Amino acid sequence: MPPRLPVMHLIRLTYASVARSGLGYEALTSILRSAATRNEELGITGILCYSGNAFLQALEGPRSEVSALYLRIARDERHSRCELLGATEIDERDFVDWSMKLVSWEGALTADRRALLLRHARTASLEPWTMTSRQAHGFLSELAEFERKQQAA
Ligand code: FAD
């Protein structure tokens, strides 16, 4: 009989949180540097959108790894009020290009990006905890497209 291989369920988890006040560029880059290295080891990909007082992050990868990572992230004192927006099984990844892509929302706020937010969230400023799971995923997927185009240009 062939050996039983562990089944790997891929999931995508999306959450919103409030950034610790005064969190600066250095703290953000430090989070991203260690996140990118660890995520690569764990087979996790994703996107982290930062808007000054809020984070919206999507994590994709093996269910066990994503669950454990979310529990670690939720304990991190660099943010608070982590709110799970959704977690779903996926067949393929939407953020496969990045072990973690950081997007500073206010750093590159163009008319196109404002329209993107209005289309998905119907709010003028990024308030991720008001979003449904579907809105958050639609917003982050299109934001990733913007980033890919910008990287290619
Ligand atoms: P440790 O490194 O032992 O840290 C324990 C605690 O110390 C942390 O929870 C934090 O409160 C604090 N801390 C750690 N480093 C610093 C620092 N440089 N400055 C200030 N305080 C610090 N990690 C990932 O691996 N992948 C991710 O995608 C990811 N995304 C994140 C997104 C956000 C918005 C935040 C705030 C953190 C994210 N992290 C991510 C970091 C994650 O929360 C953990 O710090 C990291 O996974 C290491 O886990 P650990 O248990 O070894 O914590």
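Indexing begins at 1, ligand by ligand and atom by atom, following the structure's order. Predicted model, so just to flag it, every value in this text is computed and none were measured.
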Next item on the list: Mark the output for Ser30 as yes if a heavy-atom distance to ligand 1 is under 4.0 Å, and as no if none is.
Entry: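 The answer is yes, since Ser30 has a heavy atom less than 4.0 Å from ligand 1.
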Minimum-distance protein heavy atom relative to [atom]:
{"atom": "atom 39 (N) of ligand 1", "value": "Ile73 CG1, 3.9 Å"}
{"atom": "atom 32 (C) of ligand 1", "value": "Gln57 OE1, 3.3 Å"}
{"atom": "atom 48 (C) of ligand 1", "value": "Arg38 CZ, 3.5 Å"}
{"atom": "atom 10 (C) of ligand 1", "value": "Asp76 OD1, 3.2 Å"}
{"atom": "atom 15 (N) of ligand 1", "value": "Arg78 NH2, 3.5 Å"}

Next item on the list: Decide, yes or no, whether a salt bridge links Arg78 with Glu26 under the criterion of side-chain N to carboxylate O below 4.0 Å.
Entry: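 No salt bridge links Arg78 with Glu26.
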Check: Is it true that Glu41 and Arg38 have a side-chain N and a carboxylate O under 4.0 angstrom from each other?
Finding: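 A salt bridge is absent here (no side-chain N lies under 4.0 Å from a carboxylate O).
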Check: Counting heavy atoms only, which of Ile31, Thr29, Leu42 is nearest atom 35 (C) of ligand 1?
Finding: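 Heavy atom nearest to atom 35 (C) of ligand 1 belongs to Ile31.
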Note to self: Please check if the number of heavy atoms outside Arg63 that lie under 6.0 Å from its CZ is greater than 12.
What the structure shows: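 Open: at most 12 neighbouring heavy atoms sit under 6.0 Å from CZ of Arg63.
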Next item on the list: Could you see which bit of Leu69 sits under 4.0 Å from ligand 1, with heavy atoms only: side chain, backbone, both or neither?
Entry: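 The side chain, only.
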Which ligand 1 atoms does [X] reach within 4.0 Å, using its non-hydrogen atoms?
{"X": "Tyr15", "result": "32 (C), 33 (C), 34 (C)"}
{"X": "His79", "result": "34 (C), 36 (C)"}
{"X": "Met100", "result": "28 (O)"}

Donor-acceptor contact below 3.5 Å, side chain [X] vs main chain [Y]:
{"X": "Glu60", "Y": "Leu10", "value": "no"}
{"X": "Tyr15", "Y": "Ser17", "value": "no"}
{"X": "His79", "Y": "Ile73", "value": "yes"}

Notebook entry, point to check: Under 4.5 Å between any side-chain heavy atoms of Arg113 and Leu143, yes or no?
Noted result: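 Yes, at least one pair of side-chain atoms sits under 4.5 Å.
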Next item on the list: Side-chain contact test, heavy atoms from C-beta onward, threshold under 4.5 Å: evaluate it for Arg33 versus Met100 and give yes or no.
Entry: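 Not in contact.
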Margin query: Pairs of nitrogen or oxygen atoms closer than 3.5 Å, one from Asn39 and one from ligand 1: do any exist?
Written below: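 Between Asn39 and ligand 1 (N or O atoms, distance only) the closest approach is under 3.5 Å.
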Notebook entry, point to check: Heavy atoms of the protein only: does one fall short of 4.0 Å from atom 4 (O) of ligand 1?
Noted result: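 Protein heavy atoms within 4.0 Å of atom 4 (O) of ligand 1 - there are none.
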Notebook entry, point to check: Any protein heavy atom sitting closer than 4.0 Å to atom 26 (N) of ligand 1?
Noted result: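 Neighbour list for atom 26 (N) of ligand 1 includes protein heavy atoms (cut-off 4.0 Å).
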Check: Strictly under 6.0 Å, is that where the ring centroids of Phe139 and Trp105 end up?
Finding: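 Centroid distance Phe139-Trp105: below 6.0 Å, so yes.
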